[in-house]
Participant: 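Got a structure for you, written out below as structure tokens; questions coming shortly.
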Amino acid sequence: KAVLDNAEELSKMAVSETKMGNWEHKVLKNRLAAARTPGVEDLNSEAMSGDNGLTLVEFSPFGVIGAITPTTNPTETIICNTIGMIAAGNGVVFSPHPMAKAVSIRMIEIINEAVIQAGGPQNIITSILEPTIEQANNLMKHPKVKMLVATGGPAVVKAVLSSGKKAIGAGAGNPPALIDETADIEQAARDVILGCSFDNNLPCIAEKEVIAVEQIADRLIGCMKESGAYFVASGEVLARMENLLLVGGKTVNKEYVGKSAFKIMSDLGIPCGEDVKVISMVTDCGHPFVQHELMMPVLPVVRVRNVEEGIKTAIEVEHGFRHTAMMHSMDVGRLSKFAKAIQTTIFVKNGPSYAGIGFGGEGFTTFTIAGPTGEGLTSAKTFARKRRCVLTNAFNIK
């Protein structure tokens with residue numbers, strides 16, 4: 001309730017501070033995190049009884065968790081982490097991204113106020129006031145911090161995994177959307193544009209590139225245009241885009257992460273309406289826009305001869321992150337083949353990427369998707385440890 005009552009304020013504050021994303025979409029993400037993150041109902045005890053007595057297995061807290069949160073989904077990550085971690089009985093010290101510290105601390109203040117109003121203890125969750133790399137390192141090394149959870153890029157995930165403590169890492173992705181000739185092309189086009197443009201492509205699950213079977217590629221491009229894509233056909237304009245969005249042709253220009261398609265086009269000096277949701281172009285799979293996770297509403301389309309080549313290409317450009325992938329097809333065999341081959345934590349069939357975290361799809365939500373360490377979509381039981389209590393030769397009524 002505390003989040004729902006303050007969702008608009010927090011969302012506008014996040015965009016103002018980070019200069020990323022779309023506040024209307026952040027409202028939806030904050031509400032999703034508040035309403036669809038599981039709490040204590042996720043923690044089910046086990047009991048085993050027999051001739052030798054009774055054994056009880058329960059989830060117990062780790063203690064104090066050190067949680068590092070990103071600039072892309074700052075409040076959303078704090079919401080879902082807090083619900084799961086507190087439900088499991090832990091206290092939390094957050095180390096928010098320095099570019100999102102004000103909105104992160106405001107989120108923590110709102111939650112703590114709600115905890116106190118509900119009869120809970122003060123400061124069950126806290127934050128480093130001035131987050132820096134040095135302070136994050138101090139948090140990771142602190143002897144009273146028993147578990148570390150990092151949501152962010154490869155560097156921060158590597159740091160927690162090197163800490164020697166129980167660590168959960170939610171890292172980067174580069175989700176492909178594969179579309180074959182059996183798909184509902186109009187629906188597929190709408191879905192990839194909706195998913196790619198959501199919060200200006202900041203969610204790590206969002207479509208980053210489209211792999212289209214040649215037979216339907218032209219029709220797909222036409223439908224994408226109808227759904228809000230601006231296609232760049234000029235090689236000269238594409239080259240200017242590369243210079244604008246990449247540093248040295250290799251590194252993503254952080255100044256444009258989470259910026260709108262309209263902002264990017266305006267800075268290129270190309271007039272377009274604010275209704276343009278995504279900038280697209282046809283490239284080969286080696287193009288840097290395909291190979292790098294831009295986290296911008298830029299959606300390259302790669303043509304392939306057939307679905308077999310499409311699966312191979314999608315696996316290649318996903319880089320083995322095993323994060324998220326989408327496929328649009330009416331062929332169950334092909335859907336199953338791709339899902340088994342790419343081995344991502346989230347696999348969405350015939351829908352926009354955000355269906356994979358319970359927005360328009362079934363299942364609970366999270367904004368800490370732990371592919372590198374294998375927990376997948378984290379929830380309360382992820383932040384608890386199993387303990388066994390054994391009573392011998394008693395409490396057996398057989």
Side-chain angles (χ1 to χ4, degrees), residues 1 3 32-67 77-94 111 114-125 142-151 160-161 163-170 322 336 339-340 343-347 355-358 361-398:
K1 185 179 184 303
V3 172
L32 176 71
R36 298 287 295 272
T37 300
V40 293
E41 71 275 13
D42 195 45
L43 305 169
N44 295 313
S45 300
E46 302 172 47
M48 294 155 276
S49 65
D51 292 345
N52 294 317
L54 174 73
T55 291
L56 179 66
V57 179
E58 291 188 314
F59 286 102
S60 293
F62 276 88
V64 177
I65 298 176
T77 304
I78 288 172
I79 294 163
C80 69
N81 279 183
T82 295
I83 293 172
M85 292 171 183
I86 298 302
N90 305 286
V92 192
V93 179
F94 282 103
I111 294 174
V115 169
I116 293 167
Q117 288 176 9
Q122 294 185 356
N123 302 319
I124 192 69
I125 60 171
H142 199 287
K144 290 187 177 181
V145 172
K146 301 301 183 184
M147 181 188 214
L148 295 168
V149 179
T151 310
V160 299
L161 295 184
S163 67
K165 298 184 178 185
K166 167 65 177 175
I168 293 172
R322 301 201 293 182
S336 299
K340 290 177 182 178
Q343 287 289 303
T344 49
T345 301
I346 296 174
F347 189 85
I357 55 169
E362 292 300 324
F364 68 88
T365 197
T366 184
F367 285 83
T368 295
I369 301 163
T373 49
E375 291 81 5
L377 278 75
T378 55
S379 63
K381 61 189 172 190
T382 312
F383 309 119
R385 58 196 187 100
K386 281 188 173 183
R387 298 174 63 199
R388 174 182 283 201
C389 181
V390 179
L391 177 63
T392 60
N393 301 315
F395 263 23
N396 169 23
I397 57 173
K398 292 183 180 178

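These figures come from a predicted structure and were not determined experimentally. Numbering starts at 1 and runs along the sequence shown.
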Participant: Give me the atom names and distance for the closest heavy-atom approach of L43 to A87.
Facilitator: CD1-O, 3.3 Å

Participant: For residues F383 and F62, report the shortest heavy-atom separation together with the two atoms involved.
Facilitator: O-CD1, 3.5 Å

Participant: Could you tell me which non-hydrogen atom of A67 sits nearest to which non-hydrogen atom of V92, and how far apart they are?
Facilitator: CB-CG1, 4.0 Å

Participant: If you compare all heavy atoms of Q343 against all heavy atoms of K340, which two are closest, and at what distance to 0.1 Å?
Facilitator: NE2-O, 2.9 Å

Participant: Sorted by first residue and then second, give each side chain to side chain donor-acceptor pair (under 3.5 Å) pair with at least one member in residues 34-45; sequence neighbours left out.
Facilitator: D42-S379

Participant: To the nearest 0.5 Å, what is the distance between SG (C80) and CD1 (I357)?
Facilitator: 9.0 Å

Participant: Within the distance-only criterion (no hydrogens, no angle test), does the side chain of S60 pair as donor or acceptor with the backbone N or O of R387 below 3.5 angstrom?
Facilitator: no

Participant: Please determine whether side chain to side chain contact (heavy atoms under 4.5 Å, CB included) holds for the pair V93 and V64, giving the CA-CA distance in whole Å, both sets of side-chain angles, and the decisive distance to 0.1 Å.
Facilitator: CA-CA 7 Å; V93 179; V64 177; 4.0 Å; yes

Participant: Other residues, nucleotides and ligands only: do more than 12 of their heavy atoms fall within 6.0 Å of NZ on K165?
Facilitator: yes

Participant: Rounded to the nearest 0.5 Å, what separates atom CD1 in I111 from atom CD1 in I78?
Facilitator: 7.0 Å

Participant: Report yes if some heavy atom in the side chain of N52 is under 4.5 Å from a heavy atom in the side chain of T392; otherwise report no.
Facilitator: no

Participant: Please identify which of these residues, M147, R385, K146, meets the side chain to side chain contact (heavy atoms under 4.5 Å, CB included) condition with K166.
Facilitator: M147

Participant: Are the side chains of I168 and T382 in contact, using a 4.5 Å heavy-atom criterion?
Facilitator: yes

Participant: List the atom of L54, the atom of S49, and the distance in Å for their closest heavy-atom pair.
Facilitator: CD1-CB, 4.1 Å

Participant: Between K386 and E46, does at least one N-O distance fall below 4.0 Å, as a salt bridge requires?
Facilitator: yes

Participant: Return the minimal non-hydrogen interatomic distance between A380 and A88, and the atom names on each side.
Facilitator: O-CB, 3.5 Å

Participant: Between atom CZ of R388 and atom OG1 of T55, what is the distance when rounded to the nearest 0.5 Å?
Facilitator: 5.5 Å

Participant: To the nearest 0.5 Å, how far apart are CG in L148 and OG in S163?
Facilitator: 4.5 Å

Participant: So if I apply the side chain to side chain contact (heavy atoms under 4.5 Å, CB included) rule between T82 and each of I124, V3, V115, I125, which one comes out positive?
Facilitator: I125

Participant: For residues 362-373, pull every pair meeting side chain to side chain donor-acceptor pair (under 3.5 Å), keeping only residues two or more places apart or in separate chains.
Facilitator: N81-T368, T151-T368, T366-T378, T373-E375

Participant: Side chain to side chain contact (heavy atoms under 4.5 Å, CB included), that's the test. Do V145 and I65 meet it? Break it down for me.
Facilitator: CA-CA 6 Å; V145 172; I65 298 176; over 6 Å; no

Participant: Mind checking the CE-CG spacing from M85 to N90? Nearest 0.5 Å is all I need.
Facilitator: 7.5 Å

Participant: Under 4.5 Å between any side-chain heavy atoms of I346 and L377, yes or no?
Facilitator: yes

Participant: Nearest 0.5 Å, please: how far is CG in L391 from CG in N393?
Facilitator: 8.5 Å

